[in-house]
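Computed from heavy atoms alone, side chains included, the values below leave out hydrogens, waters and symmetry copies. For reference, positions follow the sequence shown, starting with 1.
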Amino acid sequence: MSTAPLTADQAELLERCIAVGGVAVFPADTVYGLACDANDKQAVARLYAIKRRSPQMPSAVLWFSLQLALASLPQLGPRCQSALERLLPGAVTLLLDNPQRRFPLACGSEPATLGIRVPALGKQIEALGVVSWPILQSSANLGGQPAPSRIADLAPQIAEQVDLVLDAGPLAGSASSVIDLRRYEDDGSWQLLREGPLDAEQLSALLD
């Protein structure tokens, strides 16, 4: 199994794959994920079909740069923007109020809520920092199965159907913490919906 960090050439391959409507397996700071252009209806439908996931279920939009994420979310109020700057990049998925219905393909049956990710670019995936696309991402597993932390654990059905697989070796293996910030701008309240690398005590120190 390859354990070498991703290269600039591999990052370019990912960007080209996304640009032409492809679906890729890529390494994040947590587990391996599926990625496609967040605004490409056909690519999103294909990603969901590969994963055997209902398109009514939401996914997250991921950027490899916090600056690009903030530029894509001009509706953020100052309190939420400050929270994002404290939490990201990192192994968290943040649920934000989405009154302008941005990135509807990622929102499933909940268009008023947008999930976002900006992974921490450690040595293994540092090269992905040049990828500028907002991607729709979901863990690279079939519905109900564990998310893979190694390419060797990728379901054959997924490996055979995607257009690109990037292997950065073993990853952390713990899915991101999911934090609900939909009321944070109004009253500073938040909720930890899924504990991952960050627990409630660590989040409280950052958000309260």
Side-chain angles (χ1 to χ4, degrees), residues 3-6 10-11 14 18 24-36 38 47 51 53 57-70 72-73 76 80-96 103 106-107 113-141 145-154 158 165-182 184 190-208:
T3 57
L6 294 184
Q10 288 174 305
L14 176 61
I18 300 301
V25 172
F26 77 103
D29 54 351
T30 51
V31 294
Y32 280 90
L34 289 169
C36 71
L47 183 151
K51 187 179 168 72
R53 179 182 177 92
M57 297 181 67
S59 295
V61 178
L62 180 149
W63 293 263
F64 290 103
S65 157
L66 176 57
Q67 289 70 32
L68 289 174
L70 293 175
S72 299
L73 302 169
L76 288 179
C80 274
Q81 180 169 327
S82 178
L84 265 62
E85 290 170 344
R86 293 194 296 273
L87 293 168
L88 301 173
V92 294
T93 299
L94 307 179
L95 302 186
L96 304 175
F103 299 102
C107 298
T113 298
L114 176 65
I116 70 165
R117 284 271 283 128
V118 180
L121 298 181
K123 182 179 179 182
Q124 284 174 284
I125 63 170
E126 185 177 12
L128 296 179
V130 302
V131 177
S132 59
W133 288 82
I135 63 174
L136 182 142
Q137 69 90 42
S138 184
S139 55
N141 59 295
Q145 299 299 312
S149 59
R150 305 178 305 158
I151 289 300
D153 298 329
L154 193 64
I158 290 178
V165 176
L166 296 181
D167 186 355
L171 304 178
S174 177
S176 61
S177 301
V178 178
I179 306 144
D180 187 344
L181 295 178
R182 286 175 291 183
Y184 194 76
W190 56 274
Q191 186 177 5
L192 177 60
L193 301 182
R194 181 180 72 194
E195 185 171 312
L198 291 183
D199 60 24
E201 183 177 354
Q202 292 169 304
L203 291 167
S204 182
L206 291 167
L207 292 172
D208 291 337

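Taking each heavy atom of Ser59 and Ser138 in turn, the nearest pair found is OG-CB, 4.0 Å. Taking both residues in full, the closest heavy atoms of Trp63 and Pro134 are given as NE1-CB, 3.4 Å, listed atom of the first, atom of the second, then distance. The two atoms that bring Ala147 and Val31 nearest to each other are CB-CG2, 3.9 Å, heavy atoms only. Summarising the geometry of Arg182 relative to Leu96, their closest heavy-atom pair is CG-C, 3.6 Å, with the distance given to 0.1 Å. Taking both residues in full, the closest heavy atoms of Ala11 and Ala127 are given as CB-O, 3.4 Å, listed atom of the first, atom of the second, then distance. Scanning both residues, Ala175 and Pro197, for their nearest heavy atoms gives O-CD, 3.1 Å.
A distance-only check finds a donor-acceptor pair linking the side chain of Lys51 to the backbone of Asn141 [under 3.5 Å]. Under a 3.5 Å cut-off, the side chain of Arg194 and the backbone N or O of Val178 do not form any donor-acceptor pair. Of the possible polar contacts, none joining the Ser204 side chain to the Ala200 backbone as a donor-acceptor pair under 3.5 Å is found.
Of the options Leu203, Leu95, Leu181, Asp180, a side chain to side chain contact (heavy atoms under 4.5 Å, CB included) to Gln191 is made by Asp180 and by none of the others.
Side chains of Leu70 and Glu85 form a contact here, defined as non-hydrogen atoms less than 4.5 Å apart. Counting only heavy atoms from C-beta outward, the side chains of Leu34 and Val25 approach each other to under 4.5 Å. The side-chain heavy atoms of Leu207 and Tyr184, taken from C-beta on, include a pair separated by under 4.5 Å. Counting heavy atoms from C-beta on, the side chains of Val131 and Ile18 never come closer than 4.5 Å. Residues Leu62 and Pro119 meet the side-chain proximity criterion, which asks for heavy atoms closer than 4.5 Å. Side-chain atoms of Ser177 and Gln202, non-hydrogen and from C-beta on, never get closer than 4.5 Å to each other. Between Pro27 and Gln124, the closest side-chain pair of non-hydrogen atoms is not below 4.5 Å. For the pair Thr30 and Ser174, the minimum side-chain heavy-atom distance is 4.5 Å or more.
In this structure, Glu201 places its CD atom where only 12 or fewer heavy-atom neighbours from other residues, nucleotides or ligands lie under 6.0 Å away.
Between Phe26 and Trp133, the distance separating the two ring centers is not shorter than 6.0 angstrom.
Atom CG of residue Leu166 and atom OH of residue Tyr32 lie 8.5 Å apart, to the nearest 0.5 angstrom. Separating the CG atom in Leu66 from the CG atom in Leu88 is a distance of 6.0 Å, to the nearest 0.5 Å. In this structure, the separation between OG1 on Thr93 and CZ on Arg117 is 5.0 Å, given to the nearest 0.5 Å. Note: Phe103 CZ to Leu136 CG = 10.0 Å, rounded to the nearest 0.5 Å. A distance of 9.0 Å separates CG in Leu87 from OG in Ser82, rounded to the nearest 0.5 Å.
The salt bridge (Lys or Arg N to Asp or Glu O under 4.0 Å) check on Asp199 picks up nothing, with sequence neighbours excluded.
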